[in-house]
Amino acid sequence: MKKRNLFWLLAAFTAIGFFQPALAQTEASATKPTVRTIEDGGTGPYSAIMYADKSLPTHTIFRPKDMSAFGKAKKLPIIAWGNGACANSPWEHLNFLSEVASHGFVVIAIGPMPQEGEKGGGKSTSSQMTDAINWAIAQNSDKKSPLYNKLDVSKIAVSGMSCGGLQTLETAPDPRVTTAVICNSGIFVNAAGGFPGMPNLTKDNLLKLHTPTLYILGGEKDIAYGNGMDDFNRINHLPVFVANMEVGHGGTYSQPHGGEFAKVATAWFKWQLKGDAEAGKMFAGNPCGLSQNPIWKVDKKMIP
């Protein structure tokens with residue numbers, strides 16, 4: 001009898017311990033800002049905001065603050081983003097993602113919106129990238145959404161860093177995808193080289209890619225360098241570009257306005273998703289524009 005009473009007493013304390021943090025989280029979430037400006041909103045022509053949307057609490061959205069410039073004549077392409085370490089938070093990439101959005105894109109990153117100084121945790125899956133695409137397309141048709149009729153649902157990119165790059169490669173075969181950008185990543189040469197939770201891909205997955213693809217790597221110091229370069233060497237059926245900057249696996253995401261990685265990624269998005277020929281000069285031509293920058297080493301296939 002005493003043992004039974006002790007059991008229920010412990011259960012009661014456990015329940016109290018469970019519900020109190022849950023209640024605290026609920027109260028805290030009610031006061032958390034749902035919109036933030038990262039740095040100064042980016043260097044692009046459309047100052048960007050980061051925000052949480054109740055219809056997609058599992059993700060963070062980056063877009064121009066003033067949407068009045070967009071509509072029937074000018075629409076925003078869509079970019080779905082996956083984070084390093086399969087993290088369920090984009091906290092490491094805020095400067096980078098805000099900068100891209102300021103050039104006229106809607107970026108939907110996996111993970112709830114991080115608060116100031118917050119480092120989100122938890123793990124994500126590639127399906128969350130598909131969720132982002134599905135949500136954006138639905139928002140474009142929702143008259144109650146600020147994105148109503150302002151998105152170009154025919155121009156969709158998938159992109160991500162490290163494990164997020166593998167999530168990108170897993171999602172890229174989606175026929176709705178227009179281009180893929182893989183950062184500090186590549187399919188493991190040895191399929192057993194990853195860690196639990198990573199997409200279980202083999203090099204055969206590269207044959208499923210159907211769009212122009214960009215790899216941005218951190219040079220030979222990048223732990224993903226060998227995998228990414230091996231991907232590039234194996235891809236022979238579509239346009240592919242690889243750019244290496246000797247910064248290692250961490251890239252330049254947290255630098256002001258996302259650093260050099262943001263410049264290269266943004267130019268690619270502008271070229272592939274907006275048809276911006278001037279931005280495309282960074283990658284097209286012999287020699288291409290980026291090859292003239294001494295901090296970058298580049299190679300390409302099937303790109304004039």
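Sequence positions, counted from 1, serve as the residue numbers for this chain.
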Angle class for the Phe96/Tyr253 ring planes (parallel below 30°, perpendicular above 60°, tilted otherwise)? perpendicular
Taken in chain and number order and not counting sequence neighbours, the residues that satisfy salt bridge (charged side-chain N to carboxylate O under 4.0 Å, His left out) with Asp222 are none
Short question: side chain of Lys300, backbone of Pro304 - any donor-acceptor pair under 3.5 Å? yes
What residue among Thr130, Thr125, Asp131 forms side chain to side chain donor-acceptor pair (under 3.5 Å) with Ser127? Thr125
Between Gln128 and Thr58, does the side chain to side chain donor-acceptor pair (under 3.5 Å) criterion hold? Intermediate values first, please. CA-CA 8 Å; Gln128 289 173 268; Thr58 52; 5.2 Å; no
Identify whether the distance between the nearest side-chain nitrogen and carboxylate oxygen of Asp152 and Lys274 falls below 4.0 Å. no
Checking Lys123 side chain against Gly197 main chain: does a donor-acceptor pair fall under 3.5 Å? no
If you measure from CE on Met229 to CG on Leu217, what distance do you get to the nearest 0.5 Å? 7.0 Å
Would you say Met161 and Phe62 are hydrophobically clustered, going by side-chain heavy atoms of ILVMFWY under 4.5 Å? yes
Report the C-alpha separation of Lys301 and Asn236 in whole Å, then their side-chain angles, then the decisive distance to 0.1 Å, and conclude whether the side chain to side chain donor-acceptor pair (under 3.5 Å) test is met. CA-CA 7 Å; Lys301 298 179 185 178; Asn236 295 302; 3.0 Å; yes
Between Phe241 and Trp268, how do the two ring planes meet: parallel, tilted or perpendicular, split at 30° and 60°? tilted
Checking side chain to side chain donor-acceptor pair (under 3.5 Å) against Gln167, which of Ser159, Ser126, Ser124 comes through? Ser124
Taking Ile187's backbone N and O only, do any of them form a donor-acceptor pair with Asp231's side chain (distance below 3.5 Å, no angle check)? yes
Polar side-chain atom of Arg36 near backbone of Pro114 as donor-acceptor pair, under 3.5 Å: yes
Lys297 atom NZ, over 12 foreign heavy atoms within 6.0 Å: no
